[in-house]
Amino acid sequence: MENHSLNSNCSENSKPNDEKEKDCGKIDAPLMKIKTYLSALRPWSLSASLVPTLLGSTLAYRTVGFHEFNFLSFVCTILTVVTVHCAGNVVNTYFDFVKGIDNRKSDDRTLVDHILSKDEVVTLGAVLYCAGCFGFILLVYMSPARLEHLALVYFGGLSSSFLYTGGIGLKYIALGDVLILIIFGPISVLFAFMAQTGHVEWMTIYYAIPLALNTEAILHSNNTRDAESDKKVGIVTLAILIGKTSSYILYALLLFTPYVMFVVLGMKYSSAFLIPMVTLPQAFKIEKQLRNEATMHGVPRQTAKLNLFFGILYVLACFVAPQLPFITRK
C-alpha cells in the first residue's frame, strides 16, 4: 500500500518523466537498501534467541515480583541478545559464501545473488556486534548482577556466535549442533534471568531444555535437507555422520520430546504447562514434511515458525502457572 501510494505520488508529479523517475528512484533506493539489510539478518530465525530471553525474563519476574523487575534492563537484554544473534547470522552468511557452501539452491541469497557485497556484509556484522556491546554496557549499569558474571556469559555467547562459522568454524566439523543446544537455550535463559535477579539459578537450565531441543530441530532439519550438498563441499555435520534415516529419527526426538516434558509438568504440577500442546498437530505436519523429498525444503522455516508460537505459549504457561517447580521465590 505504501509503495503503491508512493509510486502514485511520483506519477502524478507535474515534472517531466525523466525527473519524476529520478525522484522516485531517490525515494525508493534507501527503502530497498534497508529492506535488503533486514533480510540479510534472517529475521525468521530470531525466535531462537528472542524466546529464551523472554523465558529467562519471565522466570526472573516470577522470582522477584513486579516492583523489583527492571523493564529497562529487560529491553537492554533483548537488544543485546538479538543483535548478537543477528551478527552471528551475518557471519554465517559471509563464511558459508566464502567457503563455497552457499549456492544457487541456498535459502540465503544475500551474497549468492550479489544483493550485498562482501564488504557490506562484513560492515553490517561489525555494526551489529558493536550494537550488542553497547546494549551490554547499558545492561551492566542497570543490572544487579556482578560484572564478571554478566561478562562471562555475554562474551561466551558473542564468541560462540562468531566461532559457529568463523575462526575454527564449529558448524563445519559437526560441533554446531552442540553449540546451538547450549547457546539458544541454557545460556540465553540464564543470561536474561541473571540480568534481572543478580544471581545464578541453575535450575533455569531445566526450563531451557524444551526451547533448546526445539531450536536444535531447526538447525538439524536444515542440515538434513542439505546433507548431500554439504558433503560435496567437504564439511561435516551431524546429519551427514548419522545418515538420512537416523537424522529423521533424531529430528522427531528433538521436536516431540518437549511435548513429553510438558505433559509430565502438566500432570505433576499445573495444567498451565499443557498450553504449548496446542502446537502439537502442527509439529506432526512438519515432521511428515521432512520425510518427503518434495516438501522437506521448507521444513527449517516451518520449524522456526513453530518455535516462535511454541515458545511464546511456553513463556505464557510459565507466567500463569501457580508455581514454578525448582525455582525459589525471593
What verdict does the side chain to side chain contact (heavy atoms under 4.5 Å, CB included) test give for Ser45 and Ile218, after you've listed the backbone C-alpha separation in whole Å, the side-chain angles of each residue and the deciding distance to 0.1 Å? CA-CA 9 Å; Ser45 72; Ile218 303 172; over 6 Å; no
Before giving the answer on side chain to side chain contact (heavy atoms under 4.5 Å, CB included), spell out for Ile173 and Val236 the whole-Å C-alpha distance, their side-chain angles and the decisive distance to 0.1 Å. CA-CA 5 Å; Ile173 54 175; Val236 181; 5.7 Å; no
Start with the C-alpha distance between Ser47 and Phe309, add both sets of side-chain angles, then the distance that settles side chain to side chain contact (heavy atoms under 4.5 Å, CB included), and finish with yes or no. CA-CA 9 Å; Ser47 63; Phe309 291 108; over 6 Å; no
Report the C-alpha separation of Trp44 and Lys305 in whole Å, then their side-chain angles, then the decisive distance to 0.1 Å, and conclude whether the side chain to side chain contact (heavy atoms under 4.5 Å, CB included) test is met. CA-CA 7 Å; Trp44 59 271; Lys305 188 182 293 185; over 6 Å; no
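Phe134 and Leu72 fall within the same hydrophobic cluster, where Ile, Leu, Val, Met, Phe, Trp and Tyr residues are linked whenever their side-chain heavy atoms come under 4.5 Å apart, directly or through other members. By the rule that hydrophobic residues join a cluster once side-chain heavy atoms approach within less than 4.5 Å of another member, Leu79 and Ile187 end up as members of separate clusters. Two different hydrophobic clusters hold Leu138 and Val81 under the rule that ILVMFWY side chains link at heavy-atom gaps under 4.5 Å. When hydrophobic clusters are built by joining Ile, Leu, Val, Met, Phe, Trp and Tyr residues whose side-chain heavy atoms come closer than 4.5 Å, directly or via intermediates, Ile78 is not grouped with Ile137. Grouping the Ile, Leu, Val, Met, Phe, Trp and Tyr side chains by contacts below 4.5 angstrom, directly or via other members, places Val233 with Val91.
Listed for the Ser246 side chain is no donor-acceptor partner under 3.5 Å among the backbone atoms of Gly243. The backbone N or O of Leu254 sits nowhere less than 3.5 Å from a side-chain atom of Thr257 that would complete a donor-acceptor pair. One N or O on the side chain of Thr80 and one on the backbone of Phe136 form a donor-acceptor pair closer than 3.5 Å. Looking only at distances, a side-chain donor or acceptor of His220 sits under 3.5 Å from a matching main-chain atom of Ser247. For the pair Glu68 (side chain) and Gly65 (backbone), a donor-acceptor distance under 3.5 Å is absent. Side-chain N or O atoms of Arg291 include none that pairs as donor or acceptor with a backbone N or O of Tyr248 at under 3.5 Å.
Ring geometry for Phe69 against Tyr61 counts as perpendicular: the plane angle is over 60°, on a 0 to 90° scale with 30° as the lower cut. Between Phe262 and Tyr259, the two ring planes are perpendicular [angle over 60°; tilted spans 30° to 60°].
Inter-residue side-chain proximity for Tyr172 and Asp230 is flagged as unmet; no heavy-atom pair is nearer than 4.5 Å. In this structure the side chain of Leu59 never reaches within 4.5 angstrom of the side chain of Glu201, judged on heavy atoms. Side-chain atoms of Val51 and Asn214, non-hydrogen and from C-beta on, never get closer than 4.5 Å to each other. At least one side-chain heavy atom of Leu190 sits less than 4.5 Å from a side-chain heavy atom of Trp202. The closest side-chain heavy-atom distance from Leu213 to Leu181 is below 4.5 Å. Contact check for Thr303 versus Tyr251: side-chain heavy atoms found under the 4.5 Å cut-off. Side-chain contact between Val153 and Met194: present, with at least one pair of heavy atoms (C-beta onward) separated by less than 4.5 Å. Side-chain contact between Leu238 and Asn223: absent, with no pair of heavy atoms (C-beta onward) separated by less than 4.5 Å.
Here the closest non-hydrogen pair linking Pro258 and Pro210 is CG-O, 3.6 Å. Considering all non-hydrogen atoms of both residues, Phe273 and Pro325 come closest at CZ-CD, 4.1 Å. In plain terms, the two heavy atoms of Ala283 and Leu255 that are nearest each other are O-CD2, 3.3 Å.
Between Phe193 and Tyr207, the ring centre distance reaches or exceeds 6.0 Å.
For Met267, the CE atom is loosely surrounded, since the number of other residues' heavy atoms within 6.0 Å does not exceed 12. Enclosure of atom CZ in Phe256 by more than 12 non-hydrogen atoms of other residues, nucleotides or ligands within 6.0 angstrom is indicated.
Interatomic distance, Leu265 CG to Ser270 OG, rounded to the nearest 0.5 Å: 9.5 Å. Between Ile312 atom CD1 and Ile275 atom CD1 the span is 13.0 Å, to the nearest 0.5 Å. To the nearest 0.5 Å, atoms CD (Gln196) and CZ (Phe191) are separated by 11.0 Å.
A side-chain contact (heavy atoms from CB on, under 4.5 Å) with Val84 is found for one member of Tyr154, Phe155, Phe162 and no other, namely Tyr154.
In summary, Glu228 and Lys232 do not engage in a salt bridge, as defined by a charged side-chain N under 4.0 Å from a carboxylate O.
Residue pairs meeting the side-chain hydrogen bond (donor to acceptor under 3.5 Å, both in side chains) criterion with at least one member in residues 155-168, sequence neighbours excluded, are Tyr129-Ser161.
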